[in-house]
Amino acid sequence: TWQSLMEMSEYAMVIINGLGVDGRWIVTGQEYTDILDYSSIKEYIGIYSAIVDGKLKNYYMVNDNFIAQCIAKVNERGMIFNASASGANSNWLADAFDKVGYPTYIGLDNMPDKNWIMQKTEQFLTSMFVERNNTGNAFKTIEGIYEYKDQYDKNINVTFKMKGDDSLY
């Protein structure tokens, strides 16, 4: 939910796994309802529409300004691992998270294949927490270009990008 994102500063590492839009928005997965009052932060929240199980559904999404303005500053240096689509095809999200205390940001520059992203997330986390590597060395385990064809037979290339501190443990 967009409300739970406001509490993310309680965590030194946050993994975002969902849908991103234009490198600036994160879709929360929380269905839109007129009941919730978000008028005080309306300029930071949008609505994402998608067909789910044959029905049109609307979901809340938050932008980089929401992150920079509405999330409390992190007490210790933290890291964001954004496994949602297109979270790193611009610096908007990385810069917003840096402002609130997450100097390390890893994201994708395109729409990933679900299985590939799960495999790479596991590789990264294993490298950091089991093998006790810093963010830079763990990132090396997921570097490289992944190529696949989408449902329209179009070639898609996906790459992880890292911005910020590569020495965090």
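These values consider heavy atoms only, across backbone and side chains, with no hydrogens, waters or symmetry-generated copies.
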Decide if atom [atom1] of [X] counts as having more than 12 heavy atoms of other residues, nucleotides or ligands within a radius under 6.0 Å.
X: Met111; atom1: CE; answer: no
X: Gln123; atom1: CD; answer: yes
X: Asp22; atom1: CG; answer: no
X: Tyr148; atom1: OH; answer: yes

Indicate the atoms forming the closest heavy-atom contact of [X] with [Y], along with that distance.
X: Ala83; Y: Leu108; result: O-CD1, 3.6 Å
X: Val100; Y: Ile71; result: CG1-O, 3.5 Å
X: Pro103; Y: Gly78; result: CD-O, 3.1 Å
X: Met118; Y: Asn17; result: SD-ND2, 3.7 Å

For this session: Enumerate the residue pairs fulfilling side-chain hydrogen bond (donor to acceptor under 3.5 Å, both in side chains) with a member in residues 80-102, sequence neighbours excluded, ordered by first and then second residue.
Result: Asn82-Ser84, Asn82-Tyr105, Asp95-Lys163
[X] side, atom [atom1]; [Y] side, atom [atom2] - distance, nearest 0.5 Å:
X: Asn155; Y: Lys149; atom1: CG; atom2: NZ; answer: 3.5 Å
X: Leu19; Y: Trp25; atom1: CG; atom2: CH2; answer: 13.0 Å
X: Met13; Y: Thr104; atom1: CE; atom2: OG1; answer: 10.0 Å
X: Ile145; Y: Ile156; atom1: CD1; atom2: CD1; answer: 13.0 Å
X: Phe160; Y: Ile106; atom1: CZ; atom2: CD1; answer: 7.5 Å
X: Tyr146; Y: Thr159; atom1: OH; atom2: OG1; answer: 12.5 Å

Is it possible for you to say whether [X] and [Y] belong to one hydrophobic cluster, with membership spreading through side-chain heavy-atom contacts below 4.5 Å?
X: Leu125; Y: Met79; value: yes
X: Met8; Y: Ile67; value: yes
X: Ile15; Y: Val27; value: yes
X: Ile117; Y: Val14; value: no
X: Trp116; Y: Ile16; value: no

Exercise. Which pairs pass ring pair (Phe, Tyr, Trp, His ring centres under 6.0 Å) with one or both residues in residues 118-139, sequence neighbours excluded?
Worked result: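 Checked against ring pair (Phe, Tyr, Trp, His ring centres under 6.0 Å) - neighbours excluded - the pairs reaching residues 118-139 are Phe81-Phe124.
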Problem set entry | N/O donor-acceptor pair under 3.5 Å between Asn110 side chain and Asn157 backbone |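 Checking the backbone N and O of Asn157 against the side chain of Asn110, a donor-acceptor pair under 3.5 Å is found.
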Any side-chain heavy-atom pair of [X] and [Y] under 4.5 Å:
X: Met162; Y: Ile142; answer: no
X: Met61; Y: Phe66; answer: no
X: Ser49; Y: Leu56; answer: yes

Exercise. Could you go step by step and tell me if Thr141 and Lys120 meet the side chain to side chain contact (heavy atoms under 4.5 Å, CB included) rule?
Worked result: CA-CA 8 Å; Thr141 68; Lys120 292 298 181 180; over 6 Å; no
Exercise. Stepwise, does the side chain to side chain contact (heavy atoms under 4.5 Å, CB included) test hold for Met128 with Thr135?
Worked result: CA-CA 7 Å; Met128 275 207 69; Thr135 49; 3.9 Å; yes
For this session: Walk me through it: do Ile47 and Tyr59 pass the test side chain to side chain contact (heavy atoms under 4.5 Å, CB included)?
Result: CA-CA 5 Å; Ile47 306 299; Tyr59 299 92; over 6 Å; no
